[in-house]
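The sequence lines fix the lettering, A, B, ..., with proteins before strands; numbering per chain opens at 1. All of these numbers come straight from a predicted model, not from anything done at the bench.
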Number of protein chains: 2
Amino acid sequence: MKTTRNTTAKTAVLEIFGKSKTALSHTEIYKQIEDVCDRVTVYRILDRLVNDDIVHKIVDLDGTVKYAKCHHHAQRVHIHNHAHFSCEKCLEITCLENVKPSYIMPHNYKVNNINFTLSGLCPNCLNSNI
Amino acid sequence: MKTTRNTTAKTAVLEIFGKSKTALSHTEIYKQIEDVCDRVTVYRILDRLVNDDIVHKIVDLDGTVKYAKCHHHAQRVHIHNHAHFSCEKCLEITCLENVKPSYIMPHNYKVNNINFTLSGLCPNCLNSNI
DNA sequence: AACCAAATTGCAACAATGTTGCGATATTAT
DNA sequence: ATAATATCGCAACATTGTTGCAATTTGGTT
Ligand SMILES: [Zn+2]
Ligand SMILES: [Zn+2]
Ligand SMILES: [Zn+2]
Ligand SMILES: [Zn+2]
């Protein structure tokens, strides 16, 4: 099996995730470690982190792609079925770990994954709007 | 106010939507009318159709952007709060007009819009899998 | 039918985001 | 220390979408 290695660049990316409360785009991450590694390396690190279930990929309503740390719970099988909030003002994307949609599907569909993203104003921007 | 005009290219795009049961990407549309108009024109037509609530824009789990005709119902105010299904095999995106998620949000968020996309196998691909 | 203002188009150029191939380098296990 | 291979840097390419501007087309008016 492929073993995964710890490199300077990977550590730097993980540190950035550690500090951030919101999801981050490739560009946002790369800007913080331009001097550490190449642009392509960041793409490849993100791919690996997603594969290893360390971060998950989020696509918001506009198609912007961001990544956020996974919060591992009791369950062994790790499914990202929580919702995400995309603020129209500050453009930040936040995991809503406790928001899970319920829904009824027609027959004959096999659902493997869901993406539930809400957009609007986050608490910060809502307050500063008053 | 800006009046919107009927052009050859716009008519061609609308005809394509009329024939399709699934959502279409810019590329898919452009391939069918390369000889009618420019690539940029298709982008601009799609923008206008979205603005006029004639089609709606869908972003699937991978970030692919597609467009589908709006089905206008009784309501005057037109909100696209239905779900979409993205097939992992045939890559088609279908509107699930009757699937609407219910959910409970934390306080202090103002929700303006939602994106609920499910992925897996569509009825066609599920059958041909057996 | 001719005219006119404004909406639409084509083209070329640009920007952002992501991918690929390959030789060089760094990491990990032995 | 060594060897196998995972990772990296670089350059090149692909896709998707945007912008400015001059030329054309459209829909309404005379
Ligand atoms: Zn905000
Ligand atoms: Zn999340
Ligand atoms: Zn399918
Ligand atoms: Zn739809």
Exercise. Find the distance B/Asp47:CG to D/dT18:C1' and express it as a whole number of Å.
Key: 10 Å
Quiz prompt | Rounded distance in Å - NZ (A/Lys66) to P (C/dA16) | solution = 16 Å
Quiz item: Is there a donor-acceptor pair closer than 3.5 Å between any side-chain N or O of A/His26 and the backbone N or O of A/Arg39?
Solution: yes
Quiz item: Rounded to whole angstroms, how far apart are CG on A/Asp62 and P on D/dT16?
Solution: 18 Å
Quiz item: B/Asp38 has an atom CG; how far is it from atom P of D/dA22, in whole Å?
Solution: 18 Å
Quiz item: Is a side-chain donor-acceptor pair under 3.5 Å present for A/Ser86 with A/Thr117?
Solution: no
Self-check item: Between A/Lys100 and A/Asn98, a side-chain donor and acceptor under 3.5 Å
Solution: no
Exercise. Identify whether any heavy atom of A/Arg39 sits under 4.0 Å from a base atom; if not, whether one sits that close to sugar-phosphate; answer base, sugar-phosphate or nothing.
Key: base
Self-check item: Five-pair end axes of the helix from C/dA1-D/dT30 to C/dT30-D/dA1, angle between them (10°)
Solution: 30°
Exercise. Could you tell me whether the side chain of B/Leu49 reaches within less than 4.5 Å of the side chain of B/Tyr67, counting heavy atoms only?
Key: no
Self-check item: Whole-Å gap separating P (D/dT7) and CG (A/Asp52)
Solution: 9 Å
Quiz item: Quick one: what's the B/S/- string for nucleotides 24-30 of chain C, heavy-atom cutoff under 4.0 Å, read 5' to 3'?
Solution: --BBS--
Quiz item: Any N or O donor-acceptor pair linking the side chain of B/Arg44 to the base of C/dG10 at under 3.5 Å?
Solution: yes
Quiz item: What is the nucleic acid contact for A/Val42, judged by heavy atoms within less than 4.0 Å: base, sugar-phosphate only, or nothing?
Solution: nothing
Practice problem: Any chance you could measure A/Lys69, atom NZ, to A/Ser20, atom OG, to the nearest 0.5 Å? | Solution: 8.0 Å
Quiz prompt | Rounded distance in Å - CZ (A/Arg48) to P (D/dT5) | solution = 17 Å
Quiz item: Rounded to the Å, how far apart are A/Asp35 CG and D/dC8 P?
Solution: 15 Å
Quiz prompt | Derivation and outcome, side-chain contact (heavy atoms from CB on, under 4.5 Å), residues B/Leu61 and A/Val59 | solution = CA-CA 6 Å; B/Leu61 284 82; A/Val59 178; 5.9 Å; no
Quiz item: Reckon B/Val40 touches a base, only the sugar-phosphate, or nothing at all at heavy-atom distances under 4.0 Å?
Solution: base
Self-check item: Whole-Å distance separating the OH atom of A/Tyr43 from the C1' atom of D/dT7
Solution: 18 Å
Quiz item: Does the ring centre of B/His82 sit less than 6.0 Å away from the ring centre of B/His56?
Solution: yes
Quiz prompt | Phosphate-side-chain proximity, A/Thr27 and C/dA16, N/O vs OP1/OP2 below 4.0 Å | solution = no
Self-check item: Pair B/Lys21 + B/Glu92, salt bridge at N-O below 4.0 Å
Solution: no
Quiz item: Looking only at side chains, do B/Lys10 and B/Thr4 share a donor and an acceptor under 3.5 Å apart?
Solution: yes
